[in-house]
Asks: 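Sharing a structure, written as structure tokens. Questions coming.
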Amino acid sequence: APIPAHLSASRWMPSSQVKIEQSWSDNSNTLTAGEPITRTITISALGLSASQIQPLPSLQNNQLKLYPDQPTLEDKQTNRGILGVRTESVAIVPNQAGQITIPAIEIEWWDTVNNRMQTSRLPSKTFNVVAGNTVNPITNKQPTINPPAQASSGESGQAINGPAKAAINVNHLHALF
């Protein structure tokens with residue numbers, strides 16, 4: 001099928017069904033600074049080979065160190081045609097205590113059944129990061145108190161609604177999964 005004129009080639013993923021799923025090596029919403037958690041994202045597209053599935057955008061966040069694995073590509077034959085599966089894993093190591101939100105991921109694809117753009121989405125996820133046991137310059141600096149920029153953006157207000165907000169977030173996330 002020709003690419004519709006208004007689409008760039010990078011967004012041209014013609015498929016009858018695109019699914020995006022994720023799993024975490026630890027289901028806790030609390031992480032420890034300096035300790036890794038692995039996020040695995042699987043994208044499956046009916047009618048496409050795995051090599052035609054676009055790589056995910058890389059996560060930009062200076063609160064984290066990322067150690068991505070090589071993606072795995074797998075093509076499965078189904079009674080509805082080829083099913084391409086691309087799996088990307090990344091070890092995420094938070095480098096400071098505080099709150100970290102992993103942003104939502106959206107994949108746009110061309111729905112060959114309904115002839116229109118569709119978006120498959122993974123919701124964002126927020127973690128609470130606690131300081132690690134290792135004594136290092138980062139934890140000694142007490143990053144949540146020191147930087148003036150953070151203090152002025154309602155850090156004191158957060159201390160009051162912190163736990164309540166976290167509880168809402170957690171319930172909200174469970175509802176999504």
Side-chain angles (χ1 to χ4, degrees), residues 10-11 13 18-45 50-51 53-74 84-109 119-177:
S10 68
R11 284 172 50 209
M13 273 181 33
V18 173
K19 274 195 204 152
I20 179 167
E21 297 163 309
Q22 68 179 343
S23 63
W24 297 86
S25 58
D26 181 345
N27 287 324
S28 162
N29 288 318
T30 303
L31 303 180
T32 303
E35 292 184 14
I37 184 170
T38 301
R39 179 194 208 188
T40 303
I41 297 175
T42 304
I43 309 151
S44 54
S51 60
I53 297 173
Q54 296 302 316
L56 292 170
S58 63
L59 186 61
Q60 304 294 329
N61 188 324
N62 54 11
Q63 295 172 291
L64 307 170
K65 274 206 163 69
L66 301 174
Y67 301 94
D69 278 344
Q70 284 291 330
T72 60
L73 306 179
E74 189 185 352
V85 181
R86 180 185 178 95
T87 304
E88 294 192 21
S89 282
V90 60
I92 298 171
V93 181
N95 54 27
Q96 61 193 56
Q99 224 181 34
I100 289 179
T101 298
I102 307 292
I105 291 180
E106 293 188 341
I107 295 181
E108 292 187 307
W109 52 282
T119 302
S120 296
R121 189 171 192 273
L122 280 181
S124 62
K125 185 169 167 77
T126 299
F127 290 101
N128 195 27
V129 181
V130 296
N133 299 331
T134 51
V135 177
N136 64 27
I138 296 175
T139 49
N140 286 348
K141 269 197 232 154
Q142 293 174 305
T144 45
I145 297 163
N146 270 359
Q150 274 185 337
S152 62
S153 65
E155 196 72 353
S156 55
Q158 252 180 350
I160 301 162
N161 15 342
K165 240 202 230 153
I168 292 164
N169 260 350
V170 171
N171 294 338
H172 183 60
L173 284 166
H174 285 306
L176 290 168
F177 289 116

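Along the sequence shown, residues carry numbers from 1.
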Asks: Which residues pass the side-chain hydrogen bond (donor to acceptor under 3.5 Å, both in side chains) test with S28, not counting sequence neighbours?
Replies: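 None.
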Asks: What are the two closest non-hydrogen atoms of S51 and L73, and how far apart are they?
Replies: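 Looking at all heavy atoms of both residues, the closest pair is CA-CD1, 4.2 Å.
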Asks: Check the pair I37 / R39 against side chain to side chain contact (heavy atoms under 4.5 Å, CB included), numbers first and verdict last.
Replies: CA-CA 7 Å; I37 184 170; R39 179 194 208 188; over 6 Å; no
Asks: Quick one: does I20's side chain get under 4.5 Å of I41's, heavy atoms only?
Replies: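 Yes - at least one pair of side-chain heavy atoms lies under 4.5 Å apart.
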Asks: Going by side-chain hydrogen bond (donor to acceptor under 3.5 Å, both in side chains), name the residues that satisfy it together with S58, two or more places apart in sequence or in a different chain.
Replies: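 S58 satisfies side-chain hydrogen bond (donor to acceptor under 3.5 Å, both in side chains) with Q60 once adjacent residues are dropped.
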Asks: Would you say L64 and I102 make side-chain contact, with heavy atoms under 4.5 Å?
Replies: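 Counting from C-beta outward, L64 and I102 do come under 4.5 Å.
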Asks: Give me the atom names and distance for the closest heavy-atom approach of A131 to A33.
Replies: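 Heavy atoms only, the tightest pair is CA-CB, 4.4 Å.
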Asks: About how many Å separate CG of N128 and CD of Q99, when rounded to the nearest 0.5 Å?
Replies: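 If we round to the nearest 0.5 Å, Q99:CD and N128:CG are 6.0 Å apart.
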Asks: Within the 4.5 Å heavy-atom criterion, are W109 and Q54 side-chain neighbours or not?
Replies: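 Contact flag for W109/Q54 side chains = no.
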Asks: Taking S124 for its side chain and A104 for its backbone only, find out whether a donor-acceptor pair lies under 3.5 Å.
Replies: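 Not at all, since once roles are kept as given, no pair shorter than 3.5 Å links the two residues.
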Asks: Taking the side chain from D26 and the backbone from P36, do they hold a donor-acceptor pair closer than 3.5 Å?
Replies: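 No.
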Asks: Can you find a heavy atom in the side chain of E74 that is under 4.5 Å from one in the side chain of T72?
Replies: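 No. Closest side-chain heavy atoms not under 4.5 Å.
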Asks: Begin from the C-alpha positions of V129 and T32 and carry the test side chain to side chain contact (heavy atoms under 4.5 Å, CB included) through to its verdict.
Replies: CA-CA 5 Å; V129 181; T32 303; over 6 Å; no
Asks: Within the structure provided, determine whether V130 and L31 are in side-chain contact (heavy-atom separation under 4.5 Å).
Replies: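 SC-SC contact between V130 and L31 ruled out.
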Asks: Nearest 0.5 Å please: distance from the CG atom of L66 over to the CG atom of N61.
Replies: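 The distance works out to 8.0 Å.
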Asks: May I have all residue pairs that pass salt bridge (Lys or Arg N to Asp or Glu O under 4.0 Å) and include part of residues 90-101, sequence neighbours excluded?
Replies: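 Output for this query is empty, none listed.
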Asks: Could you tell me which residues satisfy side-chain hydrogen bond (donor to acceptor under 3.5 Å, both in side chains) with T101, sequence neighbours excluded, listed by chain and number?
Replies: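 For T101 the side-chain hydrogen bond (donor to acceptor under 3.5 Å, both in side chains) partners, ignoring immediate neighbours, are T126.
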Asks: Quick one, L59 and P103 - any side-chain contact, counting heavy atoms below 4.5 Å?
Replies: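 With C-beta onward as the side chain, the pair touches.
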Asks: For a quick test of your reading: what N or O donor-acceptor pairs under 3.5 Å do the side chains of residues 84-93 make, sequence neighbours left out?
Replies:
from	atom 1	to	atom 2	distance (Å)
R86	NE	E88	OE2	2.7
R86	NH2	E88	OE2	3.3
E88	OE2	L56	N	3.1
S89	OG	T40	OG1	3.0

Asks: Mind checking side-chain hydrogen bond (donor to acceptor under 3.5 Å, both in side chains) for E106 and listing every partner two or more places apart, or none if nothing turns up?
Replies: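 E106 satisfies side-chain hydrogen bond (donor to acceptor under 3.5 Å, both in side chains) with R121 once adjacent residues are dropped.
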